[in-house]
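All values below were derived from every heavy atom in this structure, side-chain atoms included, with hydrogens, water molecules and symmetry-related copies excluded. For the single chain, residues carry numbers from 1 onward in sequence order.
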Amino acid sequence: MLLLQQMVIFFLIMLIGYICRKVGVFGENTGKMISGIVINIGNPALIIASGMNPETLENKAALLVTLAVALIFFAIMFVIAELIPRLLRADREDYGSYQVMTIFANIGFMGYPLLDAMYGGEAVIHAAIFNLLYSVLIYTYGINRMKTSGQREKLNWKQLMNVGVISCLIAVTLYISNLPVPMVFKDTATRIGAVTGPLSMLVIGDSLAQIRLKDLFTDVRLLLFSVVKLLLMPALLLWGLRFFITDPMFLGVCLVMTATPVGSMTVMLAQQYDGDYRLTSKGVALTTVLYVATMPFLFWLLKI
């Protein structure tokens, strides 16, 4: 029921974006403008707000274990992301889009509510460690891969000094130090960050208005990608992790990090950095539809 409710909310806001583009409320540059707001204002505020969370784990060593697992997790995901577009025989110019869609899932909107409902607040804290690393990577690797081949350059320290990475450093500092933050700043960051989800979905709806919707379910390559991302990768992850991790809650966190749909931030990056935002919009929409069926199956696997 929770999965269905989240999906309905997701698609209703996308529908508003779709209609706004069709009736002319959104123009040619609206999607890119909103994406700039999300990438440079909304999402950084959301990241900083996550570091102000008063909930902490009693066992601080557990956070270090989570961080170590997250580092290994993303290292594996990088290898998989390099292989998937080649195995799918994607067009060369679409490699970056498939790589970003492979690694970056919809943790915040789809993952957190599910973990909170199934395991409680402690699972969300573990997921937040994954999400901080996720945020650093999407503002570095993600941006780099979404640029066209002519714009792309090797990652360097200058690329690390962007608003996303800086906001991650602030969040980590606040979280580790437990610095008291005045409520007015906490509420400001939380409320600004809250616009990230809805604005992202409006942009996805705007992008979908520019394609034929039947293409969403007739793109064989994208369908294959969705099956790999939502079923094959998470199932293999569960099989591998069960040899090293026995805590069902922690396995559930790792599962959700992998098996949630393509993250809406992929579309924001594609809009902002001239990537294929039509492909990433279709990827977000299609994996979100299929997620309602795949996630219950994966949790059934986790139980057995």
Is atom [atom1] of [X] surrounded by more than 12 heavy atoms (other residues, nucleotides or ligands) closer than 6.0 Å?
X	atom1	value
R212	CZ	no
R242	CZ	yes
F185	CZ	no

Working to the nearest 0.5 angstrom, can you tell me the gap between [X] [atom1] and [Y] [atom2]?
X	Y	atom1	atom2	value
F225	T287	CZ	OG1	7.0 Å
L238	M233	CG	CE	12.0 Å
I211	Y277	CD1	OH	10.5 Å
D206	M201	CG	CE	14.5 Å
T266	I204	OG1	CD1	7.0 Å
S97	L222	OG	CG	10.5 Å

Tell me the closest heavy-atom pair linking [X] and [Y], and the distance in Å.
X	Y	result
A285	M14	CB-CE, 4.4 Å
L230	T260	CD2-O, 4.0 Å
G42	V195	CA-CG2, 4.3 Å
V100	R145	CG2-CB, 3.8 Å
Y134	G263	OH-CA, 4.4 Å
L255	P234	CD1-CB, 3.8 Å

Should [X] and [Y] be counted in the same cluster of Ile, Leu, Val, Met, Phe, Trp and Tyr side chains packed under 4.5 Å apart?
X	Y	answer
F26	I16	yes
L137	I76	yes
L202	F10	yes
I80	Y95	no
L83	L231	no

Minimum side-chain heavy-atom gap [X]-[Y] below 4.5 Å:
X	Y	answer
L12	V8	yes
V256	F299	yes
D187	M183	yes
S35	V267	no
V262	T280	no
L232	V227	no
N40	Q272	yes
K282	D219	yes

* Asked: Could you go step by step and tell me if L241 and F250 meet the side-chain contact (heavy atoms from CB on, under 4.5 Å) rule?
  -> CA-CA 10 Å; L241 287 178; F250 200 70; over 6 Å; no
* What do the steps show when you test F73 against L237 for side-chain contact (heavy atoms from CB on, under 4.5 Å), and what is the final call? -> CA-CA 9 Å; F73 170 85; L237 176 79; 4.2 Å; yes
* Asked: So, K32 and D274, do they make that salt bridge, N to O below 4.0 Å?
  -> yes
* In terms of ring plane angle, is the pair F104 and Y141 parallel, tilted or perpendicular, where the classes change at 30° and 60°? -> tilted
* Could you walk me through whether Y18 and R21 pass side-chain contact (heavy atoms from CB on, under 4.5 Å), step by step? => CA-CA 5 Å; Y18 182 91; R21 181 57 182 253; over 6 Å; no
* Structure fact -> Of V69, L67, V65, V253, the one forming a side chain to side chain contact (heavy atoms under 4.5 Å, CB included) with I129 is L67
* Using the side-chain contact (heavy atoms from CB on, under 4.5 Å) rule, take Q210 and R278 through it: C-alpha gap first, then chi angles, then the decisive distance, then the call. => CA-CA 8 Å; Q210 301 173 56; R278 292 180 178 87; 3.2 Å; yes
